[in-house]
Amino acid sequence: MERTFVMIKPDAVARGLVGRIVARLEEVGLVIERMELGTLARETAEANYAEHQGKPFYEGLIAYVTSGPVVRMVVSGPGAVAIARKLIGATNPADAAPGTIRGDFGLTLDANVIHGSDSAASADREISIFFG
Ligand SMILES: Nc1ncnc2c1ncn2[C@@H]1O[C@H](COP(=O)(O)OP(=O)(O)O)[C@@H](O)[C@H]1O
Ligand SMILES: [Mg+2]
C-alpha cells in the first residue's frame, strides 16, 4: 500500500475533465483518499516545483498552475506512485502514448493536464505541502 499526490491542473479543470480523469485513476483500482478543489497560492506552487526554480520555463509554470482552480488529491494503492505516473504518461503530451491521460487530453507541454509525484519520497513531500 502506497500513497501518491496527484493534481489536475487548471487547464483540465477549466475544460470540465475532472470526472473523466478521476475515473481513470479509480478504474485501475487506485483509491482517492483526499480531494480538494482550489486555486494554489504562489508559495504552494513554488514549494511543489522547487526543483525547477531557475529553469527557463519556471515562471510560466508557476503562472500556469496558479491561473485557476486545481484539484489536488491523495491517491493510494499498491505501487500507487508508479501506476499513477504510468496512467499520466510522458511529460509532453505530444510524446505521451494514446491511452494515457496526457496523451488523450493534452496537446502541449505548457498545459499538460495533470501532475503526479515521481517517487515515494516526492509523494511524502508533496502530500505534506498540499495537505499538511
Ligand atoms: N520545457 C518545458 N516547457 C514548459 N513547461 C515545462 C517544460 N518542462 C516541464 N514543464 C512543466 O513543468 C512540469 C514539471 O516538469 P517535470 O517534473 O519535468 O515533468 P513531470 O510533470 O512529468 O514530472 C511539467 O509537468 C510541465 O507542466
Ligand atoms: Mg516532475
Side-chain angles (χ1 to χ4, degrees):
M1 171 69 157
E2 191 173 68
R3 296 195 305 161
T4 190
F5 174 72
V6 174
M7 181 171 76
I8 304 174
K9 294 180 175 180
D11 58 304
V13 175
R15 290 164 60 207
L17 297 174
V18 172
R20 290 160 77 187
I21 291 171
V22 170
R24 297 267 176 121
L25 303 170
E26 291 183 320
E27 277 164 4
V28 299
L30 294 173
V31 173
I32 312 300
E33 287 195 4
R34 301 190 64 168
M35 179 157 62
E36 275 180 24
L37 175 87
T39 303
L40 299 184
R42 185 179 169 98
E43 309 79 70
T44 308
E46 287 178 341
N48 187 54
Y49 287 116
E51 67 178 299
H52 297 300
Q53 198 166 8
K55 294 183 185 170
F57 62 84
Y58 177 77
E59 282 303 328
L61 173 60
I62 299 299
Y64 159 53
V65 295
T66 58
S67 65
V70 298
V71 172
R72 43 193 197 267
M73 287 174 270
V74 177
V75 174
S76 71
V81 171
I83 295 279
R85 291 283 288 194
K86 187 179 73 166
L87 293 175
I88 287 169
T91 302
N92 190 338
D95 300 325
T100 65
I101 294 168
R102 285 171 173 161
D104 288 352
F105 297 119
L107 276 177
T108 60
L109 183 52
D110 57 330
N112 68 350
V113 180
I114 186 166
H115 166 87
S117 307
D118 62 9
S119 67
S122 297
D124 286 346
R125 192 181 72 86
E126 293 169 7
I127 289 168
S128 65
I129 290 169
F130 287 91
F131 289 100

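Note that ligands are numbered from 1 as they come in the structure, with each ligand's atoms numbered from 1 the same way. Numbering starts at 1 and runs along the sequence shown.
- Checked against K55 for a side chain to side chain donor-acceptor pair (under 3.5 Å), the options H52, Q53, E59 give a single hit: H52.
- Ring geometry for F5 versus F131: interplanar angle over 60°, hence perpendicular rather than tilted (30 to 60°).
- In terms of heavy-atom proximity, V81 sits nearest to S117 at CG1-O, 3.6 Å.
- With rounding to the nearest 0.5 angstrom, the OG atom of S67 is 9.5 Å from the CG atom of L40.
- Partner of P93 under the side chain to side chain contact (heavy atoms under 4.5 Å, CB included) criterion, chosen from V113, D110, N112: N112.
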What verdict does the ring pair (Phe, Tyr, Trp, His ring centres under 6.0 Å) test give for Y49 and H115, after you've listed the backbone C-alpha separation in whole Å, the side-chain angles of each residue and the deciding distance to 0.1 Å?
CA-CA 11 Å; Y49 287 116; H115 166 87; 5.7 Å; yes
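- A distance limit of 4.0 angstrom between heavy atoms and ligand 1 selects the residues K9, Y49, H52, F57, L61, R85, T91, R102, L109, N112.
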